[in-house]
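Read through the structure below, which is laid out as structure tokens, and then see the notes.
Counting starts at 1 for both ligands and their atoms, in listed order. The residues of the chain are indexed from 1 along the displayed sequence.
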Amino acid sequence: MMHVTTDFPAAAHEALGDKSLQAALARMRQGFVSGRASAVARLPEFDAYRDAARAIRDHTLAHLDAYLEIFEANVKAAGGQVHWCRDGAEARETILRILQSRGAKTIAKGKSMVGEEIELNAYLEANGVRPVETDLGEYIIQLRRETPSHIIAPATHVSKAQVADAFRAAHTLLPADRSLAEADTLLAEARAILREEFLNADAGMTGANFLIAETGTSVIVTNEGNGDLSQTVPRTHIVLAGIEKVVPTLDDAAVLLRVLARSATGQEISSYTTFSTGPARKDDLDGPGEYHVVMLDNGRSALLGSAFHDMLRCIRCGACLNHCPVYGAVGGHAYGSVYPGPMGSVLSPALAGIAAAKHLPHASSLCGACEQVCPVRIPLPKMLRAWRDVSFDRGLVTLRSRLGLAVWTFAARRPALYRLATALTAKTLQKHRAWFRLVPGLSGWLATRDFPASSGRTFMAEWKARR
Ligand code: SF4
């Protein structure tokens with residue numbers, strides 16, 4: 001089970017008043033959205049690639065058991081090992097067992113959202129292993145003892161000044177007079193520290209963007225090269241991945257890579273795309289002596305064939321977060337889950353249970369921007385509505401919402417009454433616009449917005465008149 005920690009309405013309210021967060025979110029929205037738009041414009045066949053990517057993911061999920069077995073057989077043939085884990089606890093214990101059996105005290109970690117999902121770092125620390133995050137964003141939030149606020153840009157909420165403060169607090173040998181005012185000085189400082197960590201780590205860990213069944217290969221994409229150092233310098237390489245990451249062939253991975261980078265960061269391809277198959281062979285110049293793949297279910301197989309099956313197509317590009325007006329207004333921490341935004345609002349209730357994540361399916365305007373940009377065409381709004389149904393059926397919505405829906409349902413089932421009530425309301429609001437503020441439940445919405453004056457006619461009356 002995954003944890004969801006916050007009460008979304010209260011956390012969102014707080015986030016809206018956080019000026020530093022709002023400035024960071026404005027920068028993020030601009031960069032990612034325009035980057036994706038220009039990358040897509042440069043590839044006229046982008047939509048055809050999206051269709052192909054969707055078909056690959058659908059085919060794989062329809063035969064997931066078979067492709068997982070093929071993947072395992074090919075990892076073993078290449079000299080590696082596969083460990084199957086039903087939940088986060090099993091995955092944490094498996095990783096710790098591998099590390100303890102090698103006497104490992106430190107582990108250099110490339111970025112892994114699954115590692116965040118199972119809260120791996122806290123567990124390793126409690127058991128005498130020091131994890132070091134080597135992706136710059138992950139390193140920053142590790143120093144700040146935070147969770148990621150974005151699935152591809154974990155420290156997007158942190159300003160340069162806050163990064164400098166975190167470095168000064170943690171890097172005790174950093175001279176007080178060294179400037180950390182600019183991005184390049186911050187990068188140089190992080191690079192110097194992390195270089196030593198790579199060299200001294202007893203083991204390395206990465207996530208996997210894809211796992212290729214036909215070759216038993218794990219694939220990672222990064223822009224910093226930290227994943228490559230995490231997996232080639234230490235003696236042991238552990239890959240941690242969800243079971244849905246498998247794809248049949250190298251050709252399939254190539255199609256998915258073409259839509260991934262464009263959707264995520266607006267790049268044609270990420271700076272580093274690395275394919276790893278088994279431990280180092282006799283003639284290899286470098287590479288780990290051992291290669292382990294820890295495969296996590298943690299609720300994923302229960303989604304197969306359910307109303308949320310399509311969510312398993314997700315390739316974690318982050319485009320739905322970048323284009324979501326709700327995520328753009330409140331940032332990732334308000335969701336209280338390591339998977340925020342539209343994809344998180346569908347996935348978190350599935351992995352943590354709807355009771356724990358009951359607010360998240362409602363954290364959406366259902367505008368549909370997420371589905372429009374999703375590279376594998378996941379119908380996120382449809383699934384958010386499905387979670388709302390589940391939430392309603394289980395009595396998890398507020399009494400006020402239930403009463404409101406009951407009143408609306410009563411009127412909607414009686415067309416004459418509905419037309420009369422809406423006509424009277426439209427007429428009344430034309431004469432007394434301010435009365436709108438008396439409608440129960442709208443005070444929050446109207447606190448920062450006005451409502452347009454009513455024309456005095458309902459939508460249906462306008463429609464009839466125009467025809
Ligand atoms: S749901 Fe789609 S857009 Fe969102 S992260 Fe997953 S693949 Fe990307």
In terms of the angle between their ring planes, are H63 and Y67 parallel, tilted or perpendicular, with boundaries placed at 30° and 60°? perpendicular
Quick one, K160 with E182, criterion salt bridge (charged side-chain N to carboxylate O under 4.0 Å, His left out). Give me CA distance, side-chain angles, the key distance, then yes/no. CA-CA 7 Å; K160 278 190 289 188; E182 296 305 324; 3.7 Å; yes
Derivation of the salt bridge (charged side-chain N to carboxylate O under 4.0 Å, His left out) call for E45 and R50: CA-CA 9 Å; E45 62 272 39; R50 288 175 75 195; over 6 Å; no
For the residue pair N298 and E90, confirm or rule out a side-chain donor-acceptor distance under 3.5 Å. no
Looking at atom 7 (S) of ligand 1, what's its closest protein heavy atom, distance included? I315 N, 3.4 Å
Where does the angle between the aromatic ring planes of F167 and Y139 fall among parallel (under 30°), tilted (30 to 60°) and perpendicular (over 60°)? tilted
Determine all donor-acceptor pairs shorter than 3.5 Å in which one atom belongs to a side chain in residues 14-23; sequence neighbours excluded.
from : atom 1 : to   : atom 2 : distance (Å)
D18  : OD1    : S20  : N      : 3.2
D18  : OD1    : L21  : N      : 3.1
Q22  : NE2    : A15  : O      : 2.9
Q22  : NE2    : A329 : O      : 2.8

How about atom 4 (Fe) of ligand 1, which protein N, O or S atoms come within less than 2.8 Å? C320 SG
